[in-house]
Amino acid sequence: MNRRDWIRSAAALPWAGAALAHGEAAARDQPGTIVRQYEPRNQESPFSGLDGPITPTERFFVRSHFPTPRIDPAGYRLKVEGRVRQPLELSLDDLAGLPGSSMTALLECAGNGRVFLSPRADGLLWGGGAVGVAEWRGALLRTVLEHAGIAPDAVEVILEGADEGQTAAEPRTPGVIRYARSVPLAKATSDVLLATEMNGRPLTPEHGWPLRAVVPGWYGMASVKWLSRIVAVDRPFGGFYQTLDYAYFERRDGQPSLVPVTEVQVKSQIARPSWGESLERGSDYAVRGAAWSGGTNIAKVEISADGGATWAEAELEEEGSEWTWRLWKYTWRVPGEPGPRRLMARATDGLGHMQPSTRDIDRRSYMINHVIPVEVIVG
Ligand SMILES: Nc1nc2c(c(=O)[nH]1)N[C@H]1C(S)=C(S)[C@@H](COP(=O)(O)O)O[C@H]1N2
Ligand SMILES: [Mo]
C-alpha cells in the first residue's frame, strides 16, 4: 500500500467523519523540516506528517555528528581489512556488480523523543521525528565479508565513515576522529545491508552517499553513513560512539555496567492528533500512529484517554516486512466537555515486551520508549 492508498482507504472507512477529514487534510499539506542544528546538519520532520508506510526521503530525519564529507566517486574505495584472508578495495563499480538486495527498514535515532525527558537531557532535543522507514537497496555486508574471508578469531566488524571531526564539549573525542561503530559478526553476516539507494534513488549526500550501512533492528547510530572502511577485529571495539556516547547502564551482578546501545525498544507514537491540536467535542476523531520494535513484530497497540486507567485496542494496519513499523488507527469519541485532554498509546511486541510507563534512568539519554502523552484541547 502506498501513501496515497493509505489516505484514501482511511477516507473510505465508514467511521470517517468530519474530524477524520480534518486530520487527513493536515497530513496532506506536509509541514517542512525542523532544523535542530545547522552545521553539522541535524533535522527532523514533525511526526504528525506521518502519511503512510514509507517516509519520503525529503522528510527523513538527518543525524550527523560531523559535516557531510565531500567524496569523489571516481576515487572512492571501500576498504575491507583487519582479520581477513584477503583485504579488499572496492570501487563503486565493484559494489554495483555484487548481487543486489533490498530491504524496507526503520531507522530510529537512539535520542528520538529526548525533548520529553525531564530533567532536560544533554544532546540534540529531538521531538518524535527522529524515526523513519525507507526502502534501501544495495548489497549484503555478508557478501563482501565472504569475498574478504573472515579470520576464525574475528568477533566484530568496525564500520567507519569518511566523516571526521571533534567534539567541542564533554565527552570530548581524542582530537579529530572518524565516525565509527561496530557490529558483532553474527549480525554482520546475517542481515546488514550496504545501501547505495534510498527510496528508489541514489542516497542523498546527507543520508550517506555513496554508501551506508543499514543495520536493521538497531538504533540508527550503527547504520554508518559514508561508509569507507570495514575492519574485522578479534576483540570488542571500544570506540567513542559506543562507550562515551551511545552507551547505557545495564544492571549486572548488582552493578550498573556500561554497554553499547544496540536494539530498538518497543515503542508507539501518536501522529494525529498532534500536540495542542483542537478537537471538536462529541466528534469521532481518527487517532493515527505507528508502532515498532527492533527484534520482532508488533502484537498490540492500546490507547488510553484517561491517564492510563483504561486502555482500548487500536486497529493494526496490515503487517509489512520484518524490519518496518506497523501503522495503527483508533477512532476516539471526543468527550462532550471542553478542556484539555491527554491521549496515550502503548505497544506490545511479539515477544510480549510492553512499553514502560515510566523512564528508566539507566538508559541515560538514549532508548526513549516510555509512554509519552499527547496533549490536546477539546473545544
Ligand atoms: N558516518 C556517520 N554515520 C552515521 C552518523 C554520523 O554522524 N556519521 N550518525 C548516525 C546516527 S546517530 C543516526 S541516528 C543515523 C541517522 O541516519 P540518517 O541521517 O540517514 O537519518 O546515522 C548514523 N550514521
Ligand atoms: Mo542517532
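Note that the coordinates shown come from a computational prediction; the quantities given were computed from them, not determined experimentally. Values below: all heavy atoms of this structure, side chains included; hydrogens, waters and symmetry mates excluded. In listed order, ligands and their atoms are each counted from 1. The chain is numbered in sequence order, starting from 1.
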Among all the protein's non-hydrogen atoms, which is closest to [atom], and how far away is it?
| atom | result |
| --- | --- |
| atom 9 (N) of ligand 1 | Arg63 O, 3.1 Å |
| atom 21 (O) of ligand 1 | Phe61 O, 2.6 Å |
| atom 12 (S) of ligand 1 | Tyr246 OH, 3.1 Å |
| atom 19 (O) of ligand 1 | Lys225 NZ, 2.6 Å |
| atom 23 (C) of ligand 1 | Gly220 O, 3.2 Å |
| atom 22 (O) of ligand 1 | Arg212 NH2, 3.5 Å |
| atom 24 (N) of ligand 1 | Ser223 O, 3.0 Å |

Residue pair Glu160, Glu164: steps toward the side-chain contact (heavy atoms from CB on, under 4.5 Å) verdict: CA-CA 10 Å; Glu160 185 185 276; Glu164 57 179 28; over 6 Å; no

Tyr179, any N or O under 3.5 Å of ligand 1 N or O: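 No, since none of the N or O atoms of Tyr179 sits under 3.5 Å from an N or O of ligand 1.
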
N or O contact, Glu108 vs ligand 1, cut-off under 3.5 Å: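 N/O-N/O distance below 3.5 Å does not exist for this pair.
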
Sub-4.0 Å heavy-atom contact, Tyr241 with ligand 1: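 No.
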
Same apolar cluster (I L V M F W Y, side chains within < 4.5 Å links), Leu92/Leu141: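 Linked within one cluster.
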
Hphob cluster co-occupancy, Leu194 + Leu98, side-chain heavy atoms under 4.5 angstrom: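 Shared cluster, yes.
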
Enumerate the atoms of ligand 1 whose separation from the nearest heavy atom of [X] is less than 4.0 angstrom.
| X | answer |
| --- | --- |
| Cys109 | 14 (S) |
| Val224 | 1 (N), 3 (N), 24 (N) |
| Ser64 | 7 (O) |
| Val62 | 19 (O) |
| Phe60 | 21 (O) |

Distance-only side-chain donor-acceptor flag, Ser64 / Glu206, under 3.5 Å: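 Glu206 and Ser64 do not have a side-chain donor-acceptor pair below 3.5 Å.
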
Tyr241 ring center within less than 6.0 Å of Tyr179 ring center: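 Between Tyr241 and Tyr179, which both carry aromatic rings, the centre distance is below 6.0 Å.
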
Residue pair Tyr76 / Ile71: nearest heavy atoms and the distance that separates them: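 Closest pair (atom of Tyr76, atom of Ile71, distance): CD1-CG2, 3.8 Å.
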
Winner among Leu107, Thr55, Asn112, Asp163 once heavy atoms are compared against atom 8 (N) of ligand 1: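 Shortest heavy-atom distance from atom 8 (N) of ligand 1: Asp163.
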
Closest to atom 6 (C) of ligand 1 among His65, Glu44, His207 (heavy-atom distance):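 Shortest heavy-atom distance from atom 6 (C) of ligand 1: His65.
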
Residues Tyr246, His65; criterion ring-ring contact (aromatic ring centres under 6.0 Å, His included); working and verdict: CA-CA 12 Å; Tyr246 299 111; His65 294 76; 5.7 Å; yes

4.5 Å side-chain heavy-atom contact, Asp362 and Glu250: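 Of all side-chain heavy-atom pairs linking Glu250 with Asp362, none is under 4.5 Å.
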
Among Gln355, Lys267, Gln265, Arg363, the one residue meeting side-chain hydrogen bond (donor to acceptor under 3.5 Å, both in side chains) with Asn369: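 Single side-chain hydrogen bond (donor to acceptor under 3.5 Å, both in side chains) partner of Asn369 among Gln355, Lys267, Gln265, Arg363: Arg363.
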
N/O donor-acceptor pair under 3.5 Å between Trp325 side chain and Pro53 backbone: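 Indeed, once roles are kept as given, a pair shorter than 3.5 Å links the two residues.
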
Side-chain ion pair, Arg36 and Glu44, N-O less than 4.0 Å: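 A salt bridge is present here (some side-chain N lies under 4.0 Å from a carboxylate O).
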
